[in-house]
Every structure is written in C-alpha cells, then in structure tokens.
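Just so we're on the same page: letters track the sequence lines, and every chain starts at 1. What's counted below: heavy atoms across the whole structure, side chains too, no hydrogens, waters or symmetry copies.
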2 protein chains.
Amino acid sequence: MKKRQNVRLKDIADALQTSVSTVSRALKNHKDISTEMKEKVHKKAKELNYFPNIFAQGFRKRRTHLIGVIVPNLTHYYTSTILEGVLEETENRGYHPIIMGSKDSYEKQIELLNMMLHLGVDGILLSLTRNTHNIDKIIQYIEEVPLVLFDKVSRKVPCTQIIIDEEEAAYKAVKHLIDLGRKRIAIFKETNDSFNSLKRYEGYLRALKTHQLPFDESLVLSSQYIPLDQGKILAEQILQNPIKPDAVFCITDNCAVGALQTFKKNKLKVPEDIAIVGFSNSMSSQIVEPQITTIDQPGTKVGKTAVTYLVDEIDNPKKGFMDYKTVELKTHLIVRASTKKEANF
Amino acid sequence: MKKRQNVRLKDIADALQTSVSTVSRALKNHKDISTEMKEKVHKKAKELNYFPNIFAQGFRKRRTHLIGVIVPNLTHYYTSTILEGVLEETENRGYHPIIMGSKDSYEKQIELLNMMLHLGVDGILLSLTRNTHNIDKIIQYIEEVPLVLFDKVSRKVPCTQIIIDEEEAAYKAVKHLIDLGRKRIAIFKETNDSFNSLKRYEGYLRALKTHQLPFDESLVLSSQYIPLDQGKILAEQILQNPIKPDAVFCITDNCAVGALQTFKKNKLKVPEDIAIVGFSNSMSSQIVEPQITTIDQPGTKVGKTAVTYLVDEIDNPKKGFMDYKTVELKTHLIVRASTKKEANF
DNA sequence: ATTACACCCGCAAACGTTTGCGTAAACTCA
DNA sequence: TGAGTTTACGCAAACGTTTGCGGGTGTAAT
C-alpha cells in the first residue's frame, strides 16, 4: 500500500510560478483573479489531478460537506428507497451522506445526533423514532445545525419536513372502497398515534364523513406496532364482530398481507367477501394472491427533496422559525385484485 | 442557529495552567505524562465536554475514521441487513460509514471509489457490480487504501472477502430436494456467471454427483438477471420440456416466487407436482402460498464481519497479498411448505 | 504631471491537533 | 559530589487551505 501522495495547491502554484493564494482563489473563480490566470490554474489543476483536501478545507471553513442521516431502521423497503434518493441527491450536490440507524430507540437517536454534531456534519436528515415525545432535545439540535425531518416527523418540531400526503392518500384509499359500494369499512392502525398513523386515520374519517357513511367505533382496530403478525391478530379480532366488515383499510402493506392471510384461512373471499387496501406498494403487496390494492409512495423523491431543502438551508441559514415548510409529496392509489369491482354489491 | 463553539485543547490547557501539548498527550495516555496530570486533564475535559475536532485530527494524522461503503443497490433486503450490521459494527469501533450506491454500473463504481479516496476514508467496503470484469482498476485501489469485499466478490481481487458458504448452501438446498425423492431437479441461475451464481451452480452439481443423479443440461436454465419476472419466464420455458422437472432450485427468492406463480397458473401443484427452493429468506418467501423453502443468510453478521476485518487491516497494514482471507459465513436451510414431504414419490 | 482608482496578485496569519526535540528538575549510582 | 539517566513537561513546526490586507502596476480623470 503506497502512501497516498495527493497534489496540493502548492504543487500547482510551483508549477505555474505563482502563489498558493492565487491558485486557491483562481480555483473558485474569485473576481480578483484575471481570466488568463484562472484558465492556466484550472488547466494545471486538471492536469495534475488536483483534489482539495477536504479535511484541510473542513478544518478551515467549518464546512465538511457531510450530511448526517438518521433512520429508525434500514430494512424497510420504503426507507431504502428514500435512502437511494438521498444518496443520489447528496452526490449531485457535492455532499456525502453518513447514515446511521437509531433502531427505533429514542436514546440512541439522541446519542447519534450528538455524534453527528461532533463529527461536524453540515446538516442532518432525520426520521424520528417512535415515541419521540420529548421534543425539547431535538429542538436544541436545531439551534446547532440545520435539520430536516422526513417520513416519521412531528409537527411540534419547528423545521422543514418532507412527507407524503398521508391524509389525502388515506382518503383516496377509503374513497376507492366506498366507490366500490362498500359500507362497513374497517381500519387497522397504530394505537399510540404516530404522525403517519394519525394522518391516515384522519383521511379515513374524512372519507366516511364526506360520503355520509356512519362512523362505527367497532371497526377501528389498533395495536402498538403493526407488522404482519399484528395484521393477523387484528383480522382475527374483527372477525369476532357480530357484523363483519366488507372492507378493511390497513395503514401498512405488511399489516394488509397478514390480514389477507387470516381472511383466507377463515374461508373469506377477497375481495368478494372483504376487500383490502394496504399502504406502501411494497413487494409483498404485489406477490400475494390476490395482489393488494395499495398506495404508492415516491420514496426516492422524498429522499431527494429532503436533501434539496437541507442543502438549501445550509447555504442560506434561516433566521426564524417562520421560514420552515412542510412539503407534502403526492402519492397515488394502485388498484389491484384485492378490491376488484366484480364483487356483487 | 448559534455558531457552534466547540471547546479546544487550548481551553483545557488554559484552565489547568498547562500547555496544549501536555493536554493532547495526557488525553491519549502518553507515557511522558504523570498520572496526576492525566487525571486532572481527563477530569477537566469531561467537565468542559471536550470533543476533538476530527477535522483538525484527520488533517493532521491522515486518519479520518471514515469508512466508505459501496453497494450496487440499497433496496434489496439482504443488502439492507448487511448494512445494518455495518452500521452497528462501525459504531462499536468508533468509525463512521459513508454509504454510496453504484447502481450496478461499473463506471459509477470506479467513480465512487475515486471519490472515497479523495474524501480520505480510512478503508473501503465494497460489493462489486455485475460485470466487474476489469479487475485491474480495483487492484489499483488496493494499493491506495485497505479494501474488503463482501457479498458480490471476485476471487481475482487479492484482498479479504466476506461471503456466505454459497456452494455449501446450494448443496444443502439441492440435497434437501434429493432427500425428498426428487429426481429431476432444475436450476434457475444467471447466465453471465457472477461469483454467487457460479458457486451455487457448483453446489448444485456436487449434490447431483454425490447422490448419483444424472446431470441433464435441459434442466439448467439461465438468464442475465433473475428478478421475479425472469423467474416466470424461465418457469414457462421449462414447462415446454418434454419431461418436466419435479423440483427447481432458484438461486434467488424473487426468482422462486416468480416460478411459483407461473407453476400455479399452469395448474401445477407445489410441492406435489414440483417442489421449489429459493435463496435468501426474503420476506417474499414467507408470504407466498405455499411458503418457500429457502436459505437463510446471516446478513448483519456479514456486515459486522466485514467491518471487523477492515478495521483490523487499517490498524495493521498488510505487507503482502498472502495475508488475505476469505471468510465464509454459515447459512442454514429453512424448510417450508414448498418442499413438504407429503408429496407421493 | 499628479491624483485616484480599478485590477491583480502575494504575504502571512489562522484554523486545532500532533509530535520531534529540547530541557529543567528529580533521581540514581558510584 | 558530580556525572549520567529518567521523568515530565513546554516550545514550535507542521498538516493544506482560506482570506484580510497591503502593494505594485496600469489606466483614466483632472
């Protein structure tokens, strides 16, 4: 392993019989430098394959071009599509992402935020862990470094937030079921209302209300987390109801898959007896039988948008809280077999 | 946003009426410093919440504690489990991962390697893109910085490689089919043999040979990539065979799911008429009907192991190529309904 | 011819840390 | 007691870049 011998400003300066400062300025097109000199420097820099030592730079300018990214979990498909967007856009903009996982632990999340600060990142992209109730600490960080929330957000945190149109998406999903003639539409959601779950529930309620369907509390089932297995449990549960639902809106694809399996096990036909809508357009929703109608989320776009806003804030530091925006990206409904029309209602 | 005002060595030195160099040495337990002084310094450092400016450090020492990670794609479940392992282990060891995606493009991969070098990472973790035939460039990088390959590797590159026991895993999978009494076992694999595909094919061959089953070329189907849709196509293809197979080993879960769907569509019963084994233990393999027998890969362990070996190499630079190891992590077979015994053979 | 003012460029300090070297004080041993 | 050695610390340079400032040259206006 050779010792890396990077070329420095001084090397360019020597080759051109000029000074380091002139080279430095020329490379960033400072107005004090003549056009010819700039050309010579740029040419020589390319020739020598010059690349600035980012540590000297970061050291000097207090800019590292590093962006910290914290997510609760890496393995969810939606998260990884977001991260792909982040990777792409950070690269476009000359930044580098440092990704860390909070494992859905609030303490770990704080610890990671700390670490990022010490690392000297220029900004942070954060998707909150469940139960991030103590917002104060997070707010402290906003004082220290530009921060943009995405996916799992909280309106209580005064900063830019990139999300999808959760409420509208849920509304569309439930409206679709209503349009199909379904009357008793259940919802499977989270108990301790995360931002996402809450908004989707609101969309559900609005759809019922707008179409004059009665609200029935016995059709609202919740559990703390809603992975596949919980979908099964909730499905079993709702089948105990004296009057069964004719459709169910699951706020997660995994949950929907679980529900589907349970319904099938109980000899219920999907969608004839009961229709199902999920949320995420995960791989799972496409390979089960029948395929599940779901909401497609523009993951990479969320990632790219988050980077865009963060970098913008890094470049133009905000003065007050009033500058922050909540950006809602459009989703769309993908209709599949789990809600096909040919049901006879 | 306050300007970050980090405490420096000088602040500690001033508070203690001593010099910066003494503080620096005390903090890293240099032998030239008396025990009492060390204690005082450590205490004061904690009190002031001192944290070294890593850019000054990296600048000075040419050590950044950054580890570059390059993967072809973020969205594969197996990849994200590996990355979780990487995140965890880098953190344990005081390093920070910079993750980038090569989008399965060779040129992009080289570009990213370059970027990583300029960024000054201490080491690189790399999962090769398809068609990385020009190994020379990669080898050049080994001269510059410690590099460890994982998952998608190539034996031609002289460096430490962390993989799973691909050949053995495939052998186990196929042996399992043979033990079930299956005689005509097909394999769906990649055409342009990637390391993984090749090894799995070798395992397939060994299983046949060991159990005195005849090799039948018409049972070996390949395509360039093998996502879900290709599974379907290959399945259609093999059904054209005059004598149909009674089992198929897909070197990918996605491919297996596709095959399963096609077989079902053609009124073939799985596993009665045809058994299926996949590879990866992805979510998909667990939610289709019937569930698919597959190979479980220890993703996070691969990630953690890769970091372990890389950090070890960073700390103790290798002299020659003979020091490099290939680490094979154990997988195990998960038997599910797609290969259940009750078939009547 | 003098002044005024761009226009270009170089000097040198500064960022925070590490480290080779120098040395005063303390200790060792004959 | 004096020479040699060890202990414990400080001085200052160095890493590569940025940037305030100062100055020399040339041009234009008076």
Side-chain angles (χ1 to χ4, degrees), chain A residues 3-45 48-66 94 117-122 315, chain B residues 3-45 48-66 94 117-122 315:
Chain A
K3 215 192 259 148
R4 233 176 301 165
Q5 197 61 31
N6 280 333
V7 9
R8 306 155 303 163
L9 288 183
K10 182 157 193 327
D11 299 319
I12 302 181
D14 288 353
L16 258 36
Q17 311 259 44
T18 176
S19 76
V20 173
S21 36
T22 299
V23 174
S24 172
R25 280 187 258 252
L27 283 176
K28 36 191 60 67
N29 291 315
H30 192 286
K31 63 175 169 54
D32 267 10
I33 307 296
S34 65
T35 327
E36 337 148 53
M37 180 58 100
K38 281 181 191 167
E39 277 171 9
K40 283 202 306 188
V41 169
H42 276 106
K43 194 173 145 217
K44 194 52 124 183
L48 296 181
N49 190 25
Y50 168 78
F51 199 94
N53 177 319
I54 61 152
F55 287 89
Q57 252 180 357
F59 173 44
R60 183 59 229 248
K61 303 224 302 178
R62 264 95 216 303
R63 279 284 287 275
T64 61
H65 283 246
L66 256 28
L117 274 196
H118 285 314
L119 240 176
V121 297
D122 288 345
D315 290 340
Chain B
K3 212 190 265 151
R4 235 174 301 164
Q5 197 59 31
N6 280 333
V7 8
R8 307 156 302 164
L9 288 182
K10 182 157 194 326
D11 299 317
I12 303 180
D14 288 353
L16 258 35
Q17 311 257 44
T18 177
S19 76
V20 174
S21 36
T22 299
V23 174
S24 172
R25 280 189 256 252
L27 283 175
K28 34 191 60 68
N29 292 314
H30 192 286
K31 64 177 170 53
D32 267 11
I33 307 296
S34 66
T35 327
E36 333 145 59
M37 181 57 98
K38 281 181 191 168
E39 278 170 7
K40 283 203 306 190
V41 170
H42 276 106
K43 195 174 145 215
K44 194 52 124 184
L48 297 181
N49 190 25
Y50 168 77
F51 199 95
N53 177 319
I54 61 152
F55 287 90
Q57 254 181 355
F59 174 43
R60 184 59 232 245
K61 302 222 304 176
R62 265 93 218 303
R63 278 285 286 273
T64 61
H65 284 247
L66 256 29
L117 274 196
H118 285 315
L119 239 175
V121 297
D122 288 345
D315 290 339

Distance check needed: [N] [atom2] versus [X] [atom1], whole Å only.
| X | N | atom1 | atom2 | result |
| --- | --- | --- | --- | --- |
| B/Phe59 | C/dA14 | CZ | P | 16 Å |
| B/Lys40 | D/dC9 | NZ | C1' | 12 Å |
| B/Asp14 | D/dG10 | CG | C1' | 14 Å |
| A/Asn29 | C/dC9 | CG | P | 13 Å |
| A/Glu39 | C/dC9 | CD | P | 12 Å |
| B/Ile12 | C/dG16 | CD1 | C1' | 12 Å |
| A/Asp11 | D/dG16 | CG | P | 9 Å |
| B/His30 | D/dG10 | NE2 | P | 14 Å |

Just the atom pairs and distances: protein N or O near nucleotides 17-23 of chain C's N or O, under 3.5 Å.
| unit_1 | atom_1 | unit_2 | atom_2 | d |
| --- | --- | --- | --- | --- |
| C/dT17 | OP1 | B/Tyr50 | OH | 2.7 |
| C/dT17 | OP1 | B/Asn53 | N | 3.4 |
| C/dT17 | OP2 | B/Leu9 | N | 2.7 |
| C/dT18 | OP1 | B/Lys28 | NZ | 3.0 |
| C/dT18 | OP1 | B/Gln57 | NE2 | 3.0 |
| C/dT18 | OP2 | B/Ser24 | OG | 2.8 |
| C/dT18 | OP2 | B/Lys28 | NZ | 3.3 |
| C/dT18 | O2 | B/Arg60 | NH1 | 2.3 |
| C/dG20 | O6 | B/Arg25 | NH2 | 2.6 |

Practice problem: Mind checking the OG1-CD1 spacing from B/Thr22 to B/Ile12? Nearest 0.5 Å is all I need. | Solution: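 Spacing of OG1 (B/Thr22) from CD1 (B/Ile12) equals 12.0 Å.
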Quiz item: Salt bridge or not for B/Asp14 and B/Lys44, using N-O below 4.0 Å?
Solution: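 Judged by the 4.0 Å cut-off on N to carboxylate O distance, B/Asp14 and B/Lys44 do not form a salt bridge.
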Self-check item: B/Tyr50 to B/Val7 - nearest heavy-atom pair and separation
Solution: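 What the structure gives for the nearest pair is CD1-O, 3.2 Å.
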Self-check item: Sub-4.5 Å side-chain heavy-atom contact between A/His65 and A/Ile54
Solution: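 The answer is no; the side chains never approach within 4.5 Å.
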Quiz item: How about A/Asn29 and A/His42: do any of their side-chain heavy atoms sit closer than 4.5 Å?
Solution: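 When only atoms from C-beta onward are counted, A/His42 and A/Asn29 do touch, with a gap below 4.5 Å.
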Quiz item: Among the nucleotides C/dG16, C/dG10, D/dC11, which one has an atom lying closest to any side-chain atom of B/Ser19?
Solution: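 Comparing C/dG16, C/dG10, D/dC11 against the side chain of B/Ser19, the answer is D/dC11.
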Practice problem: Please answer whether the main-chain N or O of A/His30 pairs with a side-chain N or O of A/Lys38 as donor and acceptor at a distance below 3.5 Å. | Solution: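 Confirmed, A/Lys38 side chain pairs with A/His30 backbone.
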